[in-house]
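First the structure, in the form of structure tokens, and then the observations on it.
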There are 2 protein chains.
Amino acid sequence: MTQHDNVGHDVETGLIDADAQVESFRQTRNNRRTELVEDYVELIADLLVDGGEARQVDIAQRLGVAQPTVAKMLKRLISEGYIQQRRYRGIFLTDAGRRLADLCRERHQIVESFLCSIGVSPETARIDAEGMEHHASPETLEAFKRFLARTASSRIAAQG
Amino acid sequence: MTQHDNVGHDVETGLIDADAQVESFRQTRNNRRTELVEDYVELIADLLVDGGEARQVDIAQRLGVAQPTVAKMLKRLISEGYIQQRRYRGIFLTDAGRRLADLCRERHQIVESFLCSIGVSPETARIDAEGMEHHASPETLEAFKRFLARTASSRIAAQG
DNA sequence: GAAATAATATAGCTAAGGCTATTTTTCAAT
DNA sequence: ATTGAAAAATAGCCTTAGCTATATTATTTC
Ligand SMILES: [Mn+2]
Ligand SMILES: [Mn+2]
Ligand SMILES: [Mn+2]
Ligand SMILES: [Mn+2]
């Protein structure tokens, strides 16, 4: 078997198709570039819902990073149009920010629930979902949702 | 409900426990710091098995990055003890490198197979697994394996 | 309203991970 | 043995994401 005559993946020994592999790596690098933005926007939305305001110190404390780190990222979020900031006032989401936050929150929730549904403990599901969510494509999310719906209905059928 | 009286997650409205959340974010940041190392070592192992040698140009071509990018990362892999390099000769894995490669390859395979098993297309499974694998904990991998074993045996039971 | 406190901003550093352009070295062919 | 091509190394640049230390600005409190 040469390096060039297999299109799918070859579990045992060979390499997968080079074009396919480079596509995967590129997509993964792309996802990595937006992970932090997504986590910030989702967290800001949660803080706003819960307490009415999102301050840098709260964000920093919840992320486990220093306040200047947050300050810098907020500038990026502003430049990308997801938030507005009034100096020494709080952080507010733009329409685009709210849209992104909603998407991320739903995606996060699906991934975390799914992990729980296959028997992962809530603590581990929480941790793993925080990283995995950013790499779950719409197609994978649909599969997760199908699975959740199926197990939910079979639970109902089984126990009334 | 205040910000401080919920220990688990609260799907609908509130924030999860701050200590729990910071633990998730920290673990995710940790995983991110080793993602690339894992992908490199896994890829090098595959290239060595397939062609007997792993050259910078091959690695660069498969990852979709420039050759100097690979050269720099290889220095990191050397400094972390995963590979050896003979100037203008190829790349070789150390014992630690081989161990890491084996772990990563198995983990990657489990994640990709699992995604396929719940109905994700092979192409999407390939792409999503490339990113998700690095955030799948041992506990989650066990759950994936259990699921794979269960569906495999139920296939056998169903169709003979 | 002045002082103390809290929040934010800023300066300046590091490391990782990317790039292009160029030089050096090795390998293959003639 | 020389040359030409390929591979690797190096130089120099950028962005992101973290840090500490310090300055500035708001907000409370007295
Ligand atoms: Mn999230
Ligand atoms: Mn996340
Ligand atoms: Mn991999
Ligand atoms: Mn990967």
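Order of the sequence lines sets the chain letters (A, B, ...), proteins ahead of strands, with each chain counted from 1.
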If each of R55(B) and M73(A) is mapped to the nucleotide of DNA chain D with the nearest heavy atom, which maps nearer the 5' terminus, i.e. the 5' end?
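That would be R55(B).
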
Looking at residues at least two apart in the chain, or sitting in another chain, which of them share a salt bridge (charged side-chain N to carboxylate O under 4.0 Å, His left out) with [X]?
{"X": "E123(B)", "result": "none"}
{"X": "E139(B)", "result": "none"}
{"X": "E42(B)", "result": "none"}

Contacts of type side chain to side chain donor-acceptor pair (under 3.5 Å), residue [X], not counting sequence neighbours:
{"X": "E23(B)", "value": "R126(A)"}
{"X": "R98(B)", "value": "D95(B)"}
{"X": "E142(A)", "value": "K145(A)"}
{"X": "E130(A)", "value": "none"}

Between N31(A) and Q27(A): side-chain donor-acceptor atoms closer than 3.5 Å
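Note: N31(A) and Q27(A) side chains meet the donor-acceptor criterion.
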
Distance under 4.0 Å to a non-hydrogen atom of chain A counts as contact; along DNA chain C, which nucleotides mark the start and end?
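First and last nucleotides in contact are dA7(C) to dG18(C).
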
Quick one: which residue pairs count as a ring pair (Phe, Tyr, Trp, His ring centres under 6.0 Å) with a foot in residues 125-155 of chain A, not counting sequence neighbours?
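Counting only pairs at least two positions apart or across chains, the ring pair (Phe, Tyr, Trp, His ring centres under 6.0 Å) contacts touching residues 125-155 of chain A are F114(A)-F144(A), F114(A)-F147(A), H135(A)-H135(B), F147(A)-F147(B).
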
Suppose the criterion is side-chain hydrogen bond (donor to acceptor under 3.5 Å, both in side chains): which pairs have a residue in residues 75-90 of chain A, not counting sequence neighbours?
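Matches after skipping sequence neighbours: R76(A)-E80(A).
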
DNA chain D contacts made by residues 74-89 of chain B, counting heavy atoms under 4.0 Å
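Under 4.0 Å from DNA chain D: K75(B), Q85(B), R87(B), Y88(B).
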
Relative to the 5' end of DNA chain C, which residue comes earlier, Q67(A) or Y40(B), by the nucleotide with the nearest heavy atom?
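Result of the comparison: Q67(A).
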
Bounds of contact between DNA chain D and chain B, in 5' to 3' order, using a heavy-atom cut-off under 4.0 Å
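From 5' to 3', the first and last contacting nucleotides are dA7(D) to dG18(D).
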
